[in-house]
Structure formats: structure tokens, C-alpha cells
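Report on the following structure.
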Amino acid sequence: MHPTAMQNGKLFFDTYLSGASASDAALIVEIGAQDVNGSLRQVAPRGARYIGVDFVVGKGVDVVLTDPYSLPFDSESVDVVVTSSCLEHSEMFWLSFNECLRILKPDGLLFINVPSNGAFHRYPVDCWRFYPDAGSALVTWAKRQGMNPALLESFVAAQDADIWNDFLAVFVKDQHHVDRHPNRMIEAAGSFENGKVFGSEEIFGFAQMPEDIRRLHDAIRQLAEKEGREAVVNDVLEKLLAFTTAQQSPTDGV
């Protein structure tokens with residue numbers, strides 16, 4: 001688990017399962033719970049019941065799954081489901097999403113931390129990266145399946161001492177229980193971009209270009225200034241910007 005993933009998990013628990021909103025008897029299920037350089041279990045609220053599930057035997061794994069799209073828990077029996085750096089390795093993560101919602105109580109919470117960038121890393125496959133509209137898309141998908149979740153918030157976290165930009169999203173199983181969870185991570189997240197909050201159409205901290213591309217632009221400019229070749233580098237940057245902008249056209253390649 002990379003450092004920001006652990007930080008994000010702690011932020012989730014501190015925001016949604018602390019103070020008056022917490023329950024000492026809360027049942028937390030973690031999907032992808034094997035302790036590799038740390039586990040979210042380390043930052044979970046004390047006193048909560050915690051069950052770690054994964055596909056292999058390992059440290060932090062209480063239940064080994066035989067089917068990645070079938071969780072061995074009764075419907076509406078779990079208070080919180082958390083999963084970090086896992087769904088990018090699920091070939092059909094939307095089915096995993098459905099299963100997480102199924103086992104949650106009506107006011108239960110689902111926390112997802114997945115990469116929005118980063119290196120190809122197979123475990124045993126690496127299939128997906130999540131962009132800012134991913135959380136809303138999952139809600140649309142679930143509603144087509146007859147469920148009624150709500151996206152409480154989502155955003156892309158800034159890099160911090162590693163290469164990863166994490167996409168974070170929090171869902172409540174049934175939209176009718178949104179008011180049970182008034183606090184939002186985004187208020188204490190520090191540096192983030194492209195945030196969404198339930199009840200608002202605004203995108204907070206809007207950024208068109210991902211942090212990786214912005215860093216590349218800055219590095220090229222700094223090199224140009226050092227070598228006195230600003231005109232050449234500006235031309236390269238303009239072409240790069242034109243290319244990346246063109247990729248956003250809905251008719252491009254059609």
C-alpha cells in the first residue's frame with residue numbers, strides 16, 4: 001500500500017466514523033485486505049469489527065474469496081465496505097461495486113480508493129484507471145440495476161512523495177440516508193482536484209490536465225529557461241497542449 005492510500009483511508013475513517021457518527025459495533029469489511037506495506041485495518045476505528053477479505057491467504061486476510069464477484073456476507077449486514085488499490089485489478093469492477101452495495105445496510109457506506117494514474121502493475125492483471133466522473137458513472141450503473149445509491153463525494157488527491165494520484169469516492173447505499181452522513185473528506189483533504197459533492201453540480205478544484213502532465217510542462221519550461229531555448233520549448237508545449245485537448249473531442253476518431 002502506497003503512503004497516500006493509507007492517508008486517504010485514515011481521512012475516510014476520521015470523517016465518517018468518528019464522534020457522534022461512529023458506532024463502536026460497526027462492522028467493516030475490507031476488499032483486498034492483504035497487508036502489503038500496510039493495511040487500512042491499521043487506521044480503522046478502535047472497537048469496530050473488522051473483516052479482511054482477499055483472493056489469497058496472507059497477513060490481514062480473514063476470509064479468502066473463491067469468486068471475486070461474490071462476497072460471503074448476507075445482504076444488508078455490513079456497515080462499511082472499504083477497498084483501496086484493488087478495483088483497478090478487477091476485470092469487471094462494476095460487478096464488484098454491485099456486490100459491495102448488496103451487503104451494505106441501507107445507510108451503509110462504501111469507500112473506494114483507486115489510481116487515477118500510475119504505472120502498469122499486474123496483480124494478476126491491471127485493467128483500469130479512474131477519472132473524475134467515475135463515481136457518478138457507477139451510480140448511474142447501479143440505478144440501472146435497480147439500486148438507489150448516492151455519491152456523497154469524490155475527488156482526485158494530489159501526489160505526495162510517490163507517483164500516484166488516487167481517485168477517492170464515498171457512496172451511501174440508499175440515497176434516502178444521505179443526511180445520516182453530513183461530513184465530507186473534501187473539507188479536510190488539502191490539495192485535490194476535480195471534486196464532487198452530493199447536492200452540487202459544481203466541480204471543485206477543476207483541472208483539465210492531470211498532475212503528471214502539468215509536472216511535465218513545468219519540467220520542460222524549467223529546462224528551457226536554464227538553456228535559453230524558451231521559443232523552442234514553448235512550441236513543443238503548444239503542440240502537446242493541442243494534442244491533449246484534441247483527444248477530448250467527442251467526435252475524435254469516429
Next item on the list: May I have all residue pairs that pass salt bridge (Lys or Arg N to Asp or Glu O under 4.0 Å) and include part of residues 87-106, sequence neighbours excluded?
Entry: D79-K105, E99-R102
Please list, one pair per line, the donor and acceptor atoms closer than 3.5 Å that link side chains of residues 59-67 to other protein atoms, with sequence neighbours excluded.
{"from": "D62", "atom 1": "OD2", "to": "R41", "atom 2": "NH2", "distance (Å)": "2.6"}
{"from": "D62", "atom 1": "OD2", "to": "G52", "atom 2": "N", "distance (Å)": "2.8"}
{"from": "D67", "atom 1": "OD1", "to": "Y69", "atom 2": "N", "distance (Å)": "2.9"}

Working to the nearest 0.5 angstrom, can you tell me the gap between [X] [atom1] and [Y] [atom2]?
X    : Y    : atom1 : atom2 : result
R184 : F155 : CZ    : CZ    : 11.5 Å
S200 : E153 : OG    : CD    : 12.5 Å
D166 : N8   : CG    : CG    : 5.0 Å

Note to self: Could you go through S96 and I31, starting from their C-alpha distance and side-chain angles, then the distance that decides it, and tell me whether this counts as side chain to side chain contact (heavy atoms under 4.5 Å, CB included)?
What the structure shows: CA-CA 9 Å; S96 303; I31 312 298; over 6 Å; no
Notebook entry, point to check: Given Y50 and V82, is the side chain to side chain contact (heavy atoms under 4.5 Å, CB included) satisfied, shown in steps?
Noted result: CA-CA 10 Å; Y50 202 100; V82 297; 4.0 Å; yes
Next item on the list: Would you please indicate yes or no on a ring centroid separation below 6.0 angstrom for F97 and F171?
Entry: yes
Shortest non-hydrogen contact from [X] to [Y]?
X    : Y    : result
I186 : G195 : CD1-CA, 3.9 Å
F130 : L87  : CZ-CB, 4.3 Å
A26  : L17  : CB-CD2, 4.4 Å
A207 : R214 : CB-NH1, 3.7 Å
P210 : E193 : CA-OE2, 4.2 Å
G9   : V43  : C-CG2, 4.1 Å

Notebook entry, point to check: F206 and N194: side chain to side chain contact (heavy atoms under 4.5 Å, CB included), yes or no, with the steps?
Noted result: CA-CA 5 Å; F206 175 80; N194 295 323; 3.6 Å; yes
Next item on the list: Anything under 30° is parallel, anything over 60° is perpendicular, the rest tilted; go ahead and classify H121 against W164.
Entry: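 Rings of H121 and W164: perpendicular, as their planes differ by over 60°.
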Notebook entry, point to check: How are the rings of F111 and F12 set relative to one another: parallel (under 30°), tilted (30 to 60°) or perpendicular (over 60°)?
Noted result: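 Rings of F111 and F12: parallel, as their planes differ by under 30°.
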Identify all side-chain donor-acceptor contacts of residues 141-152 below 3.5 Å with residues at least two apart in sequence or on another chain.
{"from": "W141", "atom 1": "NE1", "to": "W94", "atom 2": "O", "distance (Å)": "3.2"}
{"from": "W141", "atom 1": "NE1", "to": "N98", "atom 2": "OD1", "distance (Å)": "2.9"}
{"from": "K143", "atom 1": "NZ", "to": "Q175", "atom 2": "OE1", "distance (Å)": "3.4"}
{"from": "N148", "atom 1": "ND2", "to": "D174", "atom 2": "OD1", "distance (Å)": "3.4"}

Note to self: Consider side-chain hydrogen bond (donor to acceptor under 3.5 Å, both in side chains). Of H181, H176, H177, R180, which one does D107 pass it with?
What the structure shows: R180
For the residue pair [X] and [Y], establish whether any side-chain heavy-atom pair is separated by less than 4.5 Å.
X    : Y    : answer
P45  : I28  : yes
D126 : H89  : yes
F167 : P115 : no
L168 : M185 : yes

Notebook entry, point to check: side chain to side chain contact (heavy atoms under 4.5 Å, CB included) between F73 and I51: does it pass, once the steps are laid out?
Noted result: CA-CA 11 Å; F73 303 99; I51 300 176; 3.9 Å; yes
Any donor-acceptor N/O pair, [X] side chain to [Y] backbone, under 3.5 Å:
X    : Y    : result
N165 : N117 : no
Q159 : E211 : no
R49  : A25  : yes

Margin query: Once side chain to side chain donor-acceptor pair (under 3.5 Å) is applied, do any residues pair with S136, and if so which ones, sequence neighbours excluded?
Written below: K196
Next item on the list: Report the residues that fulfil side chain to side chain donor-acceptor pair (under 3.5 Å) with D35, sequence neighbours left out, ordered by chain and then residue number.
Entry: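 Listed in chain order: nothing, the list is empty.
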Check: If you group Ile, Leu, Val, Met, Phe, Trp and Tyr whenever their side-chain heavy atoms sit less than 4.5 Å apart, what else falls in with V125?
Finding: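 Listed partners: none, V125 stands alone.
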